[in-house]
Amino acid sequence: MTEPEKKEATVSETPEQRQAARLREKADKLTASAEAAFERANGMYGRFAGGQPLLRGHHSYRSARRDKDRADAASERAVAAYKAAEQARARATWAEVKADAKAKIANIVAGRSRPWEPADFRPGDVVAVRTFETSIDTYRVKRVNKRTLTLDGGGGGWDDPKRPYDRVLSRTRDGVTVTDPADAVERNGIRKDAAEGV
């Protein structure tokens with residue numbers, strides 16, 4: 001007697017990734033049911049396969065009209081099922097993109113040895129910041145404040161956003177990008193970058 005195969009769960013699987021998998025599975029089921037409805041609708045048109053018209057006044061007109069109406073309704077249901085499947089597939093794709101972005105941001109934050117501080121930045125640095133739940137934008141640092149960075153929004157001061165240090169994901173200075181603030185420490189005017197091996 002063999003044991004049933006156990007499904008290995010990955011440690012990094014997040015609720016968002018599980019939701020995306022559920023939505024993908026739902027989209028696949030809806031696609032299968034839409035294809036089955038399409039096959040049923042095609043089968044209902046069998047009576048009219050040769051191009052047989054509906055003959056008004058003929059004794060078969062009522063039953064032929066009823067069969068055609070049923071086949072048309074089945075076709076409409078199949079089209080509606082395809083549309084529902086496409087919407088479910090779009091929701092699943094969006095959920096996967098969102099889950100991947102959240103996982104990427106979580107991995108960056110988890111890889112830090114300490115939080116970002118004002119001493120880690122100076123005007124002119126390029127920073128990648130999390131603006132919303134899953135979106136990342138890149139800005140140039142305009143001012144380093146005690147609790148936030150004032151970033152250059154490009155509008156001459158009208159649209160300069162301020163972001164707290166916990167939203168910063170990376171800093172680029174002199175072409176070197178750093179995601180962990182401990183990797184780039186400036187002491188006595190000499191920059192020490194782990195990426196440069198100094």
Side-chain angles (χ1 to χ4, degrees), residues 4-49 51 65-112 115-116 126-141 148-155 158-172 177-180:
E5 291 182 23
K6 293 180 181 177
K7 190 175 184 181
E8 292 184 24
T10 59
V11 176
S12 64
E13 193 173 86
T14 64
E16 291 84 9
Q17 290 169 332
R18 288 192 294 272
Q19 179 188 14
R22 282 192 304 269
L23 287 171
R24 180 66 62 192
E25 186 177 318
K26 179 181 177 183
D28 292 340
K29 286 180 182 178
L30 284 172
T31 301
S33 69
E35 289 171 357
F38 182 71
E39 290 299 320
R40 281 192 305 274
N42 276 347
M44 295 174 89
Y45 282 113
R47 179 175 183 173
F48 309 102
R65 174 90 257 164
R66 186 175 54 245
D67 290 347
K68 185 167 183 334
D69 290 344
R70 286 180 183 161
D72 289 346
S75 293
E76 290 172 9
R77 285 192 300 272
V79 168
Y82 269 120
K83 287 181 182 177
E86 286 303 311
Q87 289 173 349
R89 192 165 306 285
R91 283 193 304 271
T93 301
W94 172 246
E96 288 170 355
V97 167
K98 186 176 177 182
D100 290 345
K102 281 184 108 175
K104 177 182 174 186
I105 291 171
N107 287 337
I108 291 172
V109 172
R112 291 186 195 153
W116 290 102
V126 176
V127 293
V129 294
R130 180 175 48 88
T131 51
F132 293 106
E133 188 177 14
T134 58
S135 64
I136 300 171
D137 290 329
T138 305
Y139 295 98
R140 187 167 301 280
V141 175
T148 63
L149 288 172
T150 301
L151 307 170
D152 189 4
W158 282 97
D159 62 347
D160 290 344
K162 289 186 178 184
R163 297 289 182 261
Y165 292 106
D166 63 345
R167 288 185 172 235
V168 175
L169 299 175
S170 69
R171 182 204 76 193
T172 303
T177 302
V178 179
T179 58
D180 186 5

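When all heavy atoms are compared, the tightest approach of D180 to G111 is OD2-O, 3.7 Å. A pairwise comparison of heavy atoms in L30 and A84 identifies CD1-O, 3.9 Å as the closest pair.
Considering only heavy atoms from C-beta on, R18 comes within 4.5 Å of R22 through its side chain.
From Y165, atom OH reaches atom CG of L149 across 4.5 Å, with rounding to the nearest 0.5 Å. Rounding to the nearest 0.5 Å gives a distance of 14.0 Å between CZ of F38 and OG of S33. The structure places NZ of K26 at 10.5 Å from CD of Q19, a figure rounded to the nearest 0.5 Å. Annotation: the span from L169 atom CG to R130 atom CZ amounts to 7.0 Å, rounded to 0.5 Å. For the atom pair CZ of R70 and OG of S75, the computed distance is 14.0 Å after rounding to the nearest 0.5 Å.
Listed by chain and number, the residues in a salt bridge (Lys or Arg N to Asp or Glu O under 4.0 Å) with D166 amount to none (sequence neighbours excluded). When the side chain to side chain contact (heavy atoms under 4.5 Å, CB included) test is applied to K83, the partners found at least two apart in sequence or on another chain are V79. Residues forming a side chain to side chain contact (heavy atoms under 4.5 Å, CB included) with T150 (at least two apart in sequence, or on another chain): K142, R143, N145, D160, K162. Under the rule for a salt bridge (Lys or Arg N to Asp or Glu O under 4.0 Å), the partners of K29 that lie at least two apart in sequence or sit in another chain are E25. With sequence neighbours left out, R163 forms a side chain to side chain contact (heavy atoms under 4.5 Å, CB included) with V129, T131, Y139, L151, P161, R167.
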Let me see the working for T138 and V126 under side-chain contact (heavy atoms from CB on, under 4.5 Å), right down to the final yes or no.
CA-CA 7 Å; T138 305; V126 176; 3.3 Å; yes
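Listed by first then second residue, pairs satisfying salt bridge (Lys or Arg N to Asp or Glu O under 4.0 Å) with a partner in residues 93-104 read E16-K102, R24-E96, K98-E133, K102-E133, not counting sequence neighbours.
Side-chain atoms of R89 and T31 include a donor-acceptor pair closer than 3.5 Å.
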